[in-house]
2 protein chains.
Amino acid sequence: MVEQYTPPIDDVFHALSDGTRRSMLRALAAGDCTVGELAAPHPMSLAAASKHIKVLEKAGLIRREIEGRTHWCRLQAAPLAAAHSELGFYEQFWTGRLDTLDRLLREDDARKARDIAPTKPQAPEGDRQ
Amino acid sequence: MVEQYTPPIDDVFHALSDGTRRSMLRALAAGDCTVGELAAPHPMSLAAASKHIKVLEKAGLIRREIEGRTHWCRLQAAPLAAAHSELGFYEQFWTGRLDTLDRLLREDDARKARDIAPTKPQAPEGDRQ
DNA sequence: GTTTTATTAAACCATATGGTTGAACAATAT
DNA sequence: ATATTGTTCAACCATATGGTTTAATAAAAC
């Protein structure tokens with residue numbers, strides 16, 4: 001069985017950079033929708049909505065199934081897992097933030113007590129290279 | 001104390017939709033960098049790299065600190081948490097996928113055994129509305 | 001058979017994007 | 001004081017984007 005095509009993560013993040021497309025994904029999370037159903041809530045022409053659906057399709061975020069003249073769309077979440085994972089890499093930076101800030105502040109206090117010349121700002125995980 | 005500005009998630013996902021900018025964020029995860037350091041690995045003009053840094057800044061993903069003529073950049077991960085959370089909403093769809101597929105396949109087998117007419121494809125969490 | 005519905009294609013438009021080059025600005029080094 | 005370094009600005013370019021309208025296509029309904 002041929003492995004599924006993995007779209008570039010550029011396309012995934014690009015697809016997510018528009019509110020209309022994010023809204024369409026939410027709708028699909030509730031269940032499959034036709035193109036018309038996806039377009040209905042958005043104050044734009046059907047052709048414009050159709051273009052958005054094509055962007056989602058190109059990003060691999062939806063798959064369509066055509067039944068007669070009706071195009072059914074289904075959420076394909078796998079590329080979202082990839083994007084989620086990409087962002088997960090930075091989790092240490094938003095969860096560890098308070099610890100790091102606290103440590104930096106304590107180091108700063110100690111430094112001031114020693115009357116040492118100021119040094120450059122540092123990253124959470126150590127000095128600049 | 002004034003609350004920090006929260007950039008639109010459009011801007012965050014847009015910032016992430018380019019490989020150069022994702023690469024810059026990775027570099028910043030290793031430690032603060034100057035604009036020149038961020039630009040160095042990328043085969044493009046300094047002005048182009050500077051534009052990318054501005055996009056990251058607009059998305060709230062980095063903050064800069066100017067020391068003389070040197071601009072130091074630091075990762076700001078908070079907007080990534082928001083984006084990560086947005087994607088986390090869909091976790092049930094990529095983790096539950098195999099369970100759902102399995103259940104659908106079993107339902108399909110049962111339906112075939114009863115010789116029922118085929119029905120429309122369904123979302124993981126139930127029928128279409 | 002015609003009409004209706006669902007949807008896309010094509011052409012157009014305004015704006016945005018991502019790159020370039022050369023100039024300008026700010027600060028440091030000499 | 002001038003020269004150098006670090007960086008951005010401005011103008012330009014080609015392409016992409018996101019919307020419109022109109023026409024075309026495909027299939028269902030009558």
Side-chain angles (χ1 to χ4, degrees), chain A residues 7-25 27-28 32-59 61-74 117-121 128-129, chain B residues 7-25 27-28 32-59 61-74 117-121 128-129:
Chain A
I9 204 161
D10 284 23
D11 288 350
V12 179
F13 281 122
H14 172 253
L16 292 164
S17 70
D18 182 89
T20 297
R21 295 195 288 269
R22 289 197 305 275
S23 172
M24 288 176 167
L25 289 179
L28 288 168
D32 292 0
C33 299
T34 65
V35 165
E37 285 167 347
L38 281 178
H42 302 284
M44 64 177 62
S45 67
L46 188 53
S50 183
K51 281 185 169 188
H52 282 295
I53 291 167
K54 273 200 173 296
V55 171
L56 290 169
E57 200 169 14
K58 180 179 178 250
L61 292 169
I62 65 170
R63 188 183 68 243
R64 79 172 71 204
E65 220 171 285
I66 304 171
E67 292 178 9
R69 65 190 176 194
T70 303
H71 294 222
W72 284 97
C73 302
R74 165 168 293 191
T119 182
K120 288 182 172 47
R128 294 181 190 125
Q129 268 69 323
Chain B
I9 205 160
D10 285 22
D11 287 350
V12 179
F13 280 122
H14 171 254
L16 292 163
S17 70
D18 182 89
T20 297
R21 294 196 288 271
R22 288 196 306 274
S23 171
M24 287 176 169
L25 288 179
L28 289 168
D32 293 0
C33 299
T34 66
V35 163
E37 285 167 346
L38 280 178
H42 302 284
M44 63 176 63
S45 69
L46 188 54
S50 183
K51 282 186 169 185
H52 282 296
I53 292 167
K54 274 200 173 297
V55 171
L56 290 171
E57 200 169 14
K58 182 178 178 253
L61 293 169
I62 67 172
R63 187 183 70 244
R64 79 172 73 205
E65 219 173 285
I66 304 171
E67 292 178 10
R69 65 191 172 197
T70 304
H71 295 222
W72 284 97
C73 302
R74 165 167 293 188
T119 182
K120 286 182 172 54
R128 294 184 192 120
Q129 266 72 319

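Keep in mind the model is a prediction, meaning the values are calculated, not measured. Below, chains carry the letters A, B, ... as their sequence lines are ordered, and counting in each starts from 1.
Under the side-chain contact (heavy atoms from CB on, under 4.5 Å) criterion, B/Ala48 pairs with B/Met44, B/Ser45, sequence neighbours left out. Residues that satisfy the side-chain contact (heavy atoms from CB on, under 4.5 Å) test with A/Ser50, not counting sequence neighbours, are absent from this structure. For B/Arg69, the salt bridge (Lys or Arg N to Asp or Glu O under 4.0 Å) criterion is met by no residue, not counting sequence neighbours.
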Per-nucleotide protein contact string for nucleotides 24-30 of chain D (B base, S sugar-phosphate only, - none; heavy atom under 4.0 Å): ---BBS-

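Atom CG of A/Asp32 and atom CD of A/Glu65 lie 7.5 Å apart (nearest 0.5 Å). The CG atom of A/Leu28 sits 10.0 Å away from the CG atom of A/Leu61 when rounded to the nearest 0.5 Å. A distance of 9.5 Å separates CG in A/Leu16 from CG in B/Leu16, rounded to the nearest 0.5 Å. Note: A/Thr70 OG1 to A/Glu37 CD = 9.0 Å, rounded to the nearest 0.5 Å.
Residues from residues 40-47 of chain A with heavy atoms under 4.0 angstrom of DNA chain C, sorted by number: A/Leu46, A/Ala47.
Comparing A/Lys51 and B/Gly36 along DNA chain D, the residue whose closest nucleotide (by nearest heavy atom) sits nearer the 5' end is B/Gly36.
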Worked check of side chain to side chain contact (heavy atoms under 4.5 Å, CB included) between B/Arg22 and A/Ile9: CA-CA 10 Å; B/Arg22 288 196 306 274; A/Ile9 204 161; 3.2 Å; yes

Check against side chain to side chain contact (heavy atoms under 4.5 Å, CB included), A/Val35 and A/Arg64: CA-CA 9 Å; A/Val35 165; A/Arg64 79 172 71 204; 4.1 Å; yes

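Bounding nucleotides for the chain B contact on DNA chain C, 5' to 3', at a heavy-atom distance below 4.0 Å, are C/dT17 to C/dT28.
Judged by distance alone, with hydrogens and angles left aside, the side-chain atoms of B/Arg21 form a donor-acceptor pair with the main-chain N or O of B/Ala15 at under 3.5 Å.
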